[in-house]
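Have a look at the structure below, then the notes.
Each ligand, and each atom within it, is numbered from 1 in the order the structure gives.
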Amino acid sequence: MAGHGTRLLPATKSQPKEMLPVARKPIVQYVVEELVANGIGEILFITGRKKSSIENHFDSDPELVSTLNSADKEDLLKELEFESLGAHLYYTRQRTQRGLGDAILCGESFAGEDPFVVALGDSILGLHAQSACVARMVEMYEARRASCVIAVEEVPKEQTSHYGIVAVSNGEGGSFRVTNLVEKPKPKDAPSNLAIAGRYVFSPNIFDMIRGVKPDRRGEIQLTDAIQRLCEEGRRVLACKLPDTDRRYDIGNFPSYFETFVEFALADPQYGPAFRASIERMLGKA
Ligand code: G1P
């Protein structure tokens, strides 16, 4: 997705936040691996100026492969297997930064008449992206003939102004009917503490809803407002609550980026144990 990444400056001065590393891989690689593991085979990246390194990352690099081959570095070669993930990757650009809703419109002809998934590139679901949430959302979408399914997570009430917040009616097994949505409300105006968690399944009628949304005071077309219009039309909008084992790692700001990096590095099968010992030493615990 396009966006200036100003919350992560200077790290994002000349590279997109989606390319920042979390332990061994750039964030965007986790997102792609998660989607592929959840059965998504055609992925359109909606990027923007200064984001061409994303495309380069997923391109094949025959020179690097032959260097690693002749140096007998099979372990490193394995690390590059994502280059042949088996998914088809496409790229387009949002030419002006007019918000998330407007970015989604750039995918209209790609989606055609089919339902599609939206995944925000600054969120990883599950440790090392081991989340099956998107597959569950697609199942819910089909089984309940929904117009939209949104992943949600509980956030502390004082943080509601960072997220889209949904109001739900009673549900069971982690699935709810959404009755109202507000983008980044103050805690006192928030209808709940359930935040939109960066994964959505949509029917193509969302595009008409987006076209009917007025820009907010920053000139941005909010996707949340388009989903609110679906609710107003009486369409079935569902929320799928992330299980505790599947938490969302938000890379959009430094505190949670630091935390995510450390948690993923600690879980690294090769370097994790030694890293844990270093951290304990730094904390004066060893
Ligand atoms: C976007 C959405 C918001 C959602 C959030 C999750 O906001 O507009 O509804 O809760 O992503 O990361 P952004 O973080 O792009 O401002």
Side-chain angles (χ1 to χ4, degrees), residues 1-9 12 16-18 20 22 27-28 30-31 34-35 45-48 51 94 97-107 117-126 129 131 133-134 137 148-168 176 178 180-187 189-202 206 209-210 213-231 237-242 246-257 259-260:
M1 290 297 160
H4 291 294
T6 46
R7 276 177 280 187
L8 295 171
L9 282 170
T12 51
K17 63 180 168 183
E18 295 82 357
L20 292 179
V22 167
I27 293 156
V28 68
Y30 291 103
V31 177
E34 174 206 322
L35 293 177
F45 292 78
I46 300 169
T47 66
K51 297 209 179 200
Q94 184 188 22
Q97 314 250 322
R98 294 185 63 223
L100 180 57
D102 178 69
I104 304 305
L105 276 184
C106 301
V117 169
V118 168
L120 304 191
D122 60 2
S123 299
I124 301 172
L125 293 197
S131 167
C133 186
V134 165
M137 289 165 68
C148 167
V149 182
I150 312 168
V152 296
E153 61 175 345
E154 281 182 37
V155 296
K157 193 84 182 182
E158 64 276 12
Q159 290 179 15
T160 56
S161 61
H162 300 304
Y163 303 98
I165 302 291
V166 304
V168 294
F176 306 88
V178 175
N180 186 23
L181 304 90
V182 192
E183 183 65 11
K184 305 199 171 79
K186 295 197 179 98
D189 303 325
S192 77
N193 68 337
L194 285 177
I196 301 176
R199 300 290 182 272
Y200 312 76
V201 183
F202 287 115
I206 191 66
M209 299 297 126
I210 296 173
V213 168
K214 293 207 178 67
D216 65 10
R217 54 193 166 75
R218 295 169 58 215
E220 298 200 346
I221 311 275
Q222 294 299 342
L223 183 58
T224 303
D225 294 346
I227 306 172
Q228 169 65 10
R229 295 194 62 220
L230 284 176
C231 288
V237 176
L238 303 175
C240 176
K241 190 158 169 260
L242 293 179
D246 252 17
R247 63 167 279 216
R248 182 177 76 100
Y249 294 90
D250 183 350
I251 329 294
N253 59 73
F254 279 124
S256 64
Y257 172 54
E259 209 183 308
T260 304

Shortest protein contact, [atom] (heavy atom only):
atom: atom 6 (C) of ligand 1; answer: I196 O, 3.4 Å
atom: atom 12 (O) of ligand 1; answer: R248 NH1, 3.1 Å
atom: atom 11 (O) of ligand 1; answer: L120 CD1, 3.2 Å
atom: atom 7 (O) of ligand 1; answer: K184 NZ, 3.3 Å
atom: atom 2 (C) of ligand 1; answer: E183 OE2, 3.6 Å

Looking only at distances, please establish whether an N/O atom of ligand 1 is found under 3.5 Å from an N/O atom of Y200.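 No, Y200 has no N/O under 3.5 Å of an N/O on ligand 1.
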
What I want to know is whether A195 and ligand 1 share at least one N or O pair that is separated by under 3.5 angstrom.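 Such a contact does not occur with ligand 1.
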
Does the protein put a heavy atom under 4.0 Å from atom 15 (O) of ligand 1?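 Protein heavy atoms within 4.0 Å of atom 15 (O) of ligand 1 - there are none.
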
With I227, which of V178, V166, V237, I210 fulfils side chain to side chain contact (heavy atoms under 4.5 Å, CB included)?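 Single pass found, and it is V237.
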
Run the side chain to side chain contact (heavy atoms under 4.5 Å, CB included) check on L181 and C231 step by step: do they pass? CA-CA 9 Å; L181 304 90; C231 288; 3.7 Å; yes

Does only the side chain of [X] get under 4.0 Å from ligand 1, or the backbone, or both, or neither? Count heavy atoms.
X: R199; result: neither
X: H162; result: neither
X: T224; result: side chain

Would you check if the side chain of E183 reaches a backbone N or O of L223 as a donor-acceptor pair within less than 3.5 Å?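 A pair under 3.5 Å: no.
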
Do R199 side-chain atoms and L120 backbone N/O form a donor-acceptor pair below 3.5 Å?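 Yes, R199 side chain to L120 backbone: donor-acceptor pair under 3.5 Å.
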
Which of the numbered atoms in ligand 1 are under 4.0 angstrom from any heavy atom belonging to Y163?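 Near Y163, meaning under 4.0 Å from one of its heavy atoms, ligand 1 has 10 (O).
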
Classify the ring geometry between Y257 and F254 as parallel (under 30°), tilted (30 to 60°) or perpendicular (over 60°).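 Tilted, since the angle between the ring planes falls between 30° and 60°.
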
Worked verdict on I165 versus Q159 for side chain to side chain contact (heavy atoms under 4.5 Å, CB included): CA-CA 10 Å; I165 302 291; Q159 290 179 15; over 6 Å; no

Begin from the C-alpha positions of V182 and D189 and carry the test side chain to side chain contact (heavy atoms under 4.5 Å, CB included) through to its verdict. CA-CA 9 Å; V182 192; D189 303 325; over 6 Å; no

Verdict with reasoning, I251 to K17, per side chain to side chain contact (heavy atoms under 4.5 Å, CB included): CA-CA 8 Å; I251 329 294; K17 63 180 168 183; over 6 Å; no

